[in-house]
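Chain identifiers are assigned alphabetically (A, B, ...) following the order of the sequence lines, protein sequences preceding nucleic acid strands; residue numbering begins at 1 within each chain. All values derive from a computational prediction rather than experimental measurement.
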There are 2 protein chains.
Amino acid sequence: MKFEAVTIKDIAKALGLSTSTVSRALRDSYEISEETKQLVLNYAKEINYRPNPIALSLKEKRSRTIGVVVSEIANSFFSQTINGIESIAHSKGYNVMITQSLESYEREVSNMQFLSSRSIDGCLVSVSVETENYDHILDLHKRGFNIVSFDRIIEPIETHKVKVDNFKGAYDATEHLIKNGYKNIAILVSGASLSITKERLAGYQKALEDYNIKVNDKFLRVCSHAGMTYEEVEQAMNELMTMKPRLDAVFSASDKLTTSLVKYCKLKKINIPETIGVIGYSNVDFMELLTPALSVVRQPAFEMGRVATELLLNMIESKRPVTDFENIILHTELIVRDSSAKKK
Amino acid sequence: MKFEAVTIKDIAKALGLSTSTVSRALRDSYEISEETKQLVLNYAKEINYRPNPIALSLKEKRSRTIGVVVSEIANSFFSQTINGIESIAHSKGYNVMITQSLESYEREVSNMQFLSSRSIDGCLVSVSVETENYDHILDLHKRGFNIVSFDRIIEPIETHKVKVDNFKGAYDATEHLIKNGYKNIAILVSGASLSITKERLAGYQKALEDYNIKVNDKFLRVCSHAGMTYEEVEQAMNELMTMKPRLDAVFSASDKLTTSLVKYCKLKKINIPETIGVIGYSNVDFMELLTPALSVVRQPAFEMGRVATELLLNMIESKRPVTDFENIILHTELIVRDSSAKKK
DNA sequence: TTTATTTACGCAATCGTTATCGTTAAATGC
DNA sequence: GCATTTAACGATAACGATTGCGTAAATAAA
């Protein structure tokens, strides 16, 4: 089954005009008489004519549509980001195409391919945990494709970048744990190739050093699938729980990991914060509803989406190639609740 | 800035062939000699030629892309549904365009408009809570647009429909509360125009009747924004909590409402299940991590996405117009945890 | 009246691709 | 040796919309 829309040709035929006249009448050209304009406009409204964006895209090589590539839309951080993206895009007359890689490099490549071939005007990208080679993005970028890198930054790309101060977010969380009496602090991170992993890990380590606590690699666990499965975090935690000296706190360095960590503690009946204190990056609103309520590092996700989209639309609408790129760093928020309460 | 891709014309020019020959060579036509085919194929690979789907869409009036309209992607139920949709679509070579209405009728209309004008081959729709007039969908459907209605069903449309047994899901939950000793059971529902609201409300009422409990309209609260803001649920609950006789349980009839209900109880320090028992429709994995763990009615969201997509692709790929429509009804799962424990 | 200028529209090219219909040259049939 | 088939390719129209250019008729200027 196919679906036939009304075209400019239908109007032209019905009214005994040429397609050019109809087109110009619809675009209110000075070359067309008032009479004819009204005739066309009225008939167009009557039969509910809508210009075909596909045809326009083909001709104009632009579509007033931007693309988004994230790892998972079910992730609270990203769905909030998407809401920010859409709020700006829609207010400026742009549509948004959303795709998710589910942390698969292959799917990220095919999503980029899909978007780029669809005449989108630009793209907001946060890479998957599997992505170590950026050629699928850099190649497009070199050929003039507008890209803004956000959250999980593509370091070698020369374009606008928007992220949070991952280092400070992790430093603050770790320092908070230390000040509350925790000493053997483990850290769960996502795949080592992600910019957020490197920066958050560095913040954690610096905090320990500043407070004269030895950084112990036994307390570092890398979840190379970014916590896409619970089992991954379960295994990491099982290992951590057997370490000597016994850990007394865990800092989980991403949204997904924090969620799985909470689940682990619940299932294993590990008391928080008595047995281990917990704090993690998370934008899940739910975390405050847990018992104990979870301390978190929260990112301004909606704002990040807005800022990144504004930069992208600036690039798109700029007449000359943009060469002066912004490197926006937003602030995280440390929300202290009960899961990291002072140690007795 | 614009982005120029490689076209068939570039290949033709470089190789001294016509575009028709190149096109046929790429599609492995018998009319082209092996020699020429290899020449074209090799060069195409070398310069990384990709057919332009926009041009194909314009010509073929199909795009191997399907659209999705949901109310909110951050909603666990819908994000799981989308994963199901993508799993089938991608396995059959289709792409997916995701849009969210955020429960706004206006945005739903513009999303449908966006998708339909983009040569998508069909669309999966779950309507917004504000939607009372279906003309934006029915008009497209009449003109041959392939649509499958899922979850929040468009009742008057004659096409495939996929949902759960909302009546039974609500009946089971209510019956469970009754059997555990609750008598004054309130219900929170979304806007009255949604099919899921009507069916779940009916299930709740039938259960009460079957157990000789008078249905009390004071215990019914309609959240006309489907719980898009917490305040909406807060107000509904504030009203319910003052009712005489005092309610001793609440059944929340949708994902968003359940989440807000939990938050309300936490913030107001209402003991669950001692002060009020709680059960609700929810696909949030987190619900088991609460204290007390929340009893829920869970929908097979992923499966619903898969089934709906299979039906849609069948319609799309059918030679003749489909006239025999499926009305799939999946089963909900009652997951009993601590929030609805037997009353002492 | 003749020429110049508007006015108001139509023609055709264009975007990238495919399908239909030729066309040319070589190969085959008799 | 000539007609006919076949292999291999090219020219062109089409999809829907826009736009530069051309042009007829009407009006203004000379």
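The side chain of Y49(B) places an N or O atom within less than 4.0 Å of a non-bridging phosphate oxygen (OP1 or OP2) of dT17(C). Dashed line: the shortest gap from a side-chain N or O of T21(A) to OP1 or OP2 of dC9(C) is not under 4.0 Å. Residue S23(A) places none of its side-chain N or O atoms closer than 4.0 Å to OP1 or OP2 of dA17(D).
In this structure, of dG16(D), dC9(D), dT18(C), it is dT18(C) that holds the atom nearest to the side chain of T19(B). Distances were taken from every side-chain heavy atom of K61(B) (C-beta onward) to each of dC9(C), dA11(D), dC15(D); the shortest belongs to dC15(D). Comparing dC15(D), dT19(D), dG16(C) by their closest approach to the side chain of E60(A) singles out dT19(D).
Side-chain atoms of T36(A) and S33(A) form a donor-acceptor pair, as typed in the model, at a separation below 3.5 Å. With no hydrogens or angles considered, no side-chain donor-acceptor pair links T65(A) and N95(A) at under 3.5 Å.
Looking at E86(B) and R107(A), a side-chain N of the basic residue comes within less than 4.0 Å of a carboxylate O on the acidic one, giving a salt bridge. A salt bridge links R152(A) to E103(A): at least one charged side-chain nitrogen sits closer than 4.0 Å to a carboxylate oxygen.
Protein atom CZ of R64(A) is 18 Å distant from nucleotide atom P of dA17(D), rounded to whole Å. Between the CD1 atom of I8(B) and the C1' atom of dG16(C) there is a distance of 8 Å, given to the nearest Å. In this structure, the CD atom of E34(B) is 9 Å from the P atom of dA8(D), given to the nearest Å. In this structure, Y30(B) atom OH and dC9(D) atom P are separated by 13 Å, rounded to whole Å. Straight-line distance from the CG atom of L58(B) to the C1' atom of dA19(C): 15 Å, rounded to whole Å. Rounded to a whole Å, the CG atom of L26(A) is 15 Å from the C1' atom of dC9(C). dA14(D) atom P lies 18 Å from atom CG of N52(A), rounded to whole Å.
Nearer the 5' end of DNA chain D, as judged by each residue's closest nucleotide, is the contact made by R24(B), out of A55(B) and R24(B). For E31(B) and L56(B), each mapped to the nucleotide of DNA chain C holding its nearest heavy atom, the one lying further toward the 5' end belongs to L56(B).
In this structure, the side chain of D121(B) engages the main chain of R64(B) through a donor-acceptor pair within 3.5 Å. Checking side-chain atoms of Q100(A) against main-chain N and O of E72(A) turns up no donor-acceptor pair under 3.5 Å.
Backbone-only contact: S33(A) has heavy atoms under 4.0 Å from sugar-phosphate atoms and none from a base. L17(B) comes within contact range of the sugar-phosphate backbone alone, with a heavy-atom separation under 4.0 Å but no base atom that close. The residue S57(A) sits apart from the nucleic acid: no heavy atom pair falls under 4.0 Å. Across all strands, R50(A) comes closer than 4.0 Å only to sugar-phosphate atoms, never to a base (heavy-atom distances).
Side-chain to base pairing of S20(B) with dA11(D): one donor and one acceptor N or O lie within less than 3.5 Å of each other. Looking at K59(A), its side chain has no donor and acceptor atom pair within 3.5 Å of the base of dA17(D).
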